[in-house]
Amino acid sequence: MTAIQITHLSYTYPSQAEAIFTDLSLDMDSSWKMALVGNGRGKTTFLRLLAG
């Protein structure tokens, strides 16, 4: 069972004043089936941050 653990993730686009994520912390298990749903802002950025 592999887990992904994120603690205190914050991100702001360089050209904007408002943060996309502020102090985001979560644990995900690789056996979970989940979806990433949002309002058109931050989903791709979040996945790119996870990928490194």
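In terms of modelled atom types and a separation under 3.5 Å, the side chain of T22 and the main chain of S10 share no donor-acceptor contact. Side-chain N or O atoms of T7 include none that pairs as donor or acceptor with a backbone N or O of S25 at under 3.5 Å.
Among residues two or more places apart in sequence or in another chain, the side-chain hydrogen bond (donor to acceptor under 3.5 Å, both in side chains) test is passed with N39 by none.
From I4, atom CD1 reaches atom CG of D27 across 10.0 Å, with rounding to the nearest 0.5 Å.
For Q16, the CD atom is densely surrounded, since the number of other residues' heavy atoms within 6.0 Å is greater than 12.
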What pairs of donor and acceptor atoms, side-chain ones from residues 42-52 against any protein atom, are under 3.5 angstrom apart with sequence neighbours left out?
| unit_1 | atom_1 | unit_2 | atom_2 | d |
| --- | --- | --- | --- | --- |
| T45 | OG1 | Y13 | OH | 2.3 |

